[in-house]
Protein chains: 2
Amino acid sequence: MKSLKSSVNKTFAILEHFTIEKPEWSVTELAKTMDSSKSTVYRFLSDMEKSGAMYQDPDSGKYGLGLKLFELGNRVRIQSAFVDRTHPELVKVAENITETVHIAILRNKQVYYVDKVKSPQGLTINSSIGSSKPLHCSSLGKVLLAFSFSGYQEIRSKNILGPDLERFTDNTIADHFDLENELIKIRAQGYAIDREEYEIGLICVGVPIFNQRNEIVASLSAAGPANRFKINELKNYVEILKSGADRIRGKIGEFKP
Amino acid sequence: MKSLKSSVNKTFAILEHFTIEKPEWSVTELAKTMDSSKSTVYRFLSDMEKSGAMYQDPDSGKYGLGLKLFELGNRVRIQSAFVDRTHPELVKVAENITETVHIAILRNKQVYYVDKVKSPQGLTINSSIGSSKPLHCSSLGKVLLAFSFSGYQEIRSKNILGPDLERFTDNTIADHFDLENELIKIRAQGYAIDREEYEIGLICVGVPIFNQRNEIVASLSAAGPANRFKINELKNYVEILKSGADRIRGKIGEFKP
DNA sequence: TTATTGTGTTTCATTAAATGAAATAAGGTT
DNA sequence: AACCTTATTTCATTTAATGAAACACAATAA
């Protein structure tokens, strides 16, 4: 393991091998896979066992991740940690698009804003970090709906939306049949547009943020005034947002809240 | 940090300082708390940050647990890891009581058996690891009900029990009012008794297993034939079970599924 | 029953990382 | 501008990590 330098790196390199797909490793096979000696790997595993981060199955002799990691995992302040990882990329997207951009997650059947970067030239957007909005009438929310569920049936059966879709503007999609078709379209094209559906004068474009397991984790959007968002520039915005989402995906690994 | 020997131990000793109560630490205060130099602590934190296990708040400069730990925490096979920690103590309890003993958790509004140790002299108990039973008519279940909720109102409002309590024997508590009083009593005395409530001829005694945050995590019980469980020995069994639960608590730390 | 094989565990001489005092860099406050 | 505090880096010294080899143990084959 000499290529890994510090023991901290080696520790996490070992932990990284324990996955959902392969949750158990023997000393010998781990040593071979890591191109290290059995005694070195044995000592790392044994020390992690003492710390509770690993346990050894008494029957098979194989090692698995221990309760201490579950405990530590529960102490992670997910939003802060997530924002720390994603904020630099959000800043870059804002610089490229020069509009206000957001990242949101699905929480309590609503759009929950976790981060926001204003553009100096951007419109003052009525949103704040920590606040929630309805799902059906924003690009962030429609993206989350389209990619988080296998179909509208699941959305209805889980009561994600209410029986009635509240109308905020004349453009709000207030009919379930229309929304279902809209989500099918969003899923196909890979992005959503909010055409003044929540607030007159405001247009937003949103894309999904996936993790390394292709699970949707959040959504990313840019918002601007209706008179500045031109259809011919839309494709450009979508590309910038998708690039940002891709970079975020590289930074969050298999994270899924 | 010389008293800690291996770097794996030091790594987890550092991680252990990041708690729900104090989720953020600066390099300087952590070094002081651990009686180590700032440069040593700085390098550990910095290396963990590279591995994703830590992040540094760009504003305050303080460190917090990173998404990688959340990810690893999600990969822990909780039941295996939990059983690994608790099984040796269950074996000891079985040796002391010479009856079949179980550990169970509350899952899907039922008693879920996660471990079992038969006593050679013990009765053959109709239970198997991985199976579930109703909550209201076993000592394991009644303990879980008594300590997992703040009162019967919460149990009813969360629909933990059905509207009707199924009767299995003449001794089954099938009336909600009676069960509520029973749970109040169990909570006061710290243990539960199943007096042939689920199976004629079978008596069980159960106690709660708490974690280090005084949260109930599971229940622990001994089961035996009605003609062998004598009331005068009951207190002795309760003491043995409680001692076992205490040792388990020491082994699971703040674990809470 | 004995021999063989393979894995977990320990040993120890050698190698490489960890250590911490001191210095430097950076940012906030006066 | 000066001062203070913390983060970050340096480097001589100290200590842990390394891995080949040996040993312990258990399962399997002969």
Side-chain angles (χ1 to χ4, degrees), chain A residues 1-18 22-66 80-81 84-85 87-88 91, chain B residues 1-18 22-66 80-81 84-85 87-88 91:
Chain A
M1 280 201 268
K2 283 170 174 168
S3 65
L4 279 167
K5 293 282 178 31
S6 88
S7 290
V8 169
N9 291 345
K10 293 164 186 167
T11 299
F12 283 99
I14 289 176
L15 288 170
E16 201 56 45
H17 283 79
F18 293 79
K22 191 170 171 63
E24 285 193 318
W25 288 78
S26 68
V27 172
T28 303
E29 64 187 344
L30 190 53
K32 281 174 179 170
T33 299
M34 298 188 77
D35 196 29
S36 177
S37 76
K38 289 189 301 172
S39 52
T40 299
V41 169
Y42 175 81
R43 258 191 316 272
F44 270 90
L45 292 173
S46 181
D47 282 345
M48 286 190 242
E49 187 182 13
K50 289 188 196 104
S51 298
M54 195 67 69
Y55 73 95
Q56 184 180 33
D57 187 298
D59 294 326
S60 66
K62 293 192 172 189
Y63 286 84
L65 298 179
S80 297
D84 174 76
R85 294 257 105 185
H87 188 76
V91 169
Chain B
M1 282 203 264
K2 282 170 178 170
S3 64
L4 280 166
K5 294 282 178 26
S6 88
S7 289
V8 170
N9 291 343
K10 293 166 188 169
T11 299
F12 283 99
I14 289 176
L15 289 170
E16 201 56 47
H17 282 81
F18 292 79
K22 190 170 172 60
E24 286 192 320
W25 288 77
S26 70
V27 172
T28 302
E29 62 186 347
L30 189 54
K32 281 177 180 170
T33 299
M34 299 188 75
D35 198 26
S36 177
S37 74
K38 288 188 302 172
S39 51
T40 299
V41 169
Y42 176 81
R43 259 190 313 271
F44 271 89
L45 291 173
S46 182
D47 283 343
M48 286 190 242
E49 185 180 14
K50 290 186 195 104
S51 300
M54 197 67 69
Y55 73 97
Q56 183 180 34
D57 186 298
D59 294 326
S60 67
K62 293 193 173 191
Y63 286 82
L65 298 178
S80 298
D84 175 77
R85 295 255 104 186
H87 188 75
V91 168

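Chain letters run A, B, ... following the sequence lines, proteins first and then strands; every chain starts at 1.
Contacts of B:F18 classified as side chain to side chain contact (heavy atoms under 4.5 Å, CB included), with partners at least two apart in sequence or in another chain: B:I14, B:W25, B:L30, B:L45, B:M54, B:Y63, B:L65. Scored by the side chain to side chain donor-acceptor pair (under 3.5 Å) test, A:S39 finds A:S37 as partners (sequence neighbours excluded). In this structure, A:T28 has no side chain to side chain donor-acceptor pair (under 3.5 Å) partners at least two apart in sequence or on a different chain. Under the side chain to side chain contact (heavy atoms under 4.5 Å, CB included) criterion, A:D47 pairs with A:K50, B:S6, B:V8, B:N9, not counting sequence neighbours. For B:E24, the side chain to side chain donor-acceptor pair (under 3.5 Å) partners at least two apart in sequence or on another chain are A:R77.
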Task: side chain to side chain contact (heavy atoms under 4.5 Å, CB included) between B:K22 and B:H17, worked out - done: CA-CA 8 Å; B:K22 190 170 172 60; B:H17 282 81; over 6 Å; no
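Distances shorter than 4.0 Å separate none of the side-chain N or O atoms of B:S39 from OP1 or OP2 on C:dG20. OP1 or OP2 of D:dT18 has at least one side-chain nitrogen or oxygen of A:K10 nearer than 4.0 Å. For B:Q56 and D:dT6, the shortest distance from a side-chain N or O to OP1 or OP2 is not below 4.0 Å. The phosphate of C:dG8 (OP1 or OP2) has no side-chain N or O of A:Y42 nearer than 4.0 angstrom.
Put simply, the side chain of B:Y55 reaches to within 4.5 Å of the side chain of A:S80, judged on heavy atoms. Looking at B:V27 and B:K62, their side chains never come closer than 4.5 Å, going by heavy atoms from C-beta outward.
With hydrogens and angles disregarded, a donor-acceptor distance shorter than 3.5 Å links the side chain of B:K10 to the backbone of B:K5. The main-chain N or O of B:S7 is found under 3.5 Å from a side-chain atom of B:T11 such that the two form a donor-acceptor pair.
When the C1' atom of C:dT9 is taken as reference, atom CE of A:M48 falls 16 Å away, rounded to whole Å. Between A:N9 atom CG and C:dA16 atom P the separation is 17 Å, expressed in whole Å. Residue B:Y63 contributes atom OH, which lies 8 Å from atom P of D:dA7 at whole-angstrom precision. For the pair A:M54 CE and C:dG8 P, the interatomic distance rounds to 14 Å; values are reported in whole Å. For the pair B:E49 CD and D:dA7 C1', the interatomic distance rounds to 12 Å; values are reported in whole Å. Taking atom CG of residue A:D47 and atom P of nucleotide C:dT9, one finds them 13 Å apart after rounding to whole Å. Summarising the geometry, the separation between NZ on B:K38 and P on C:dG20 is reported as 13 Å, rounded to the nearest angstrom. C:dT9 atom C1' lies 12 Å from atom CG of A:L45, rounded to whole Å.
Among the atoms of the strands shown, only primed sugar atoms or phosphate atoms (P, OP1, OP2) are found under 4.0 Å from some heavy atom of A:S7. Within 4.0 Å of A:S6, counting heavy atoms only, lie sugar-phosphate atoms of the nucleic acid but no base atom.
For the residue pair B:F12 and A:A53, the shortest heavy atom distance occurs at CZ-CB, 3.3 Å.
For B:R43, the side-chain atoms get nearest to C:dT19 when compared with the rest of D:dA16, D:dG19, C:dT19.
Against DNA chain C, the stretch residues 24-33 of chain B makes no heavy-atom approach under 4.0 Å.
Between B:E29 and B:K38, no side-chain nitrogen of the basic residue sits less than 4.0 Å from a carboxylate oxygen of the acidic one, so the salt-bridge criterion is not met.
Over its length, the helix from C:dT1-D:dA30 to C:dT30-D:dA1 turns its helix axis by 40°, as judged from the five terminal pairs at each end, rounded to 10°.
Each of A:V8 and A:S46 was assigned the nucleotide of DNA chain C with the nearest heavy atom; the assignment lying further toward the 5' end belongs to A:S46.
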Would you tabulate the pairs of protein nitrogen or oxygen atoms and nucleotide nitrogen or oxygen atoms of nucleotides 28-30 of chain C closer than 3.5 angstrom?
none

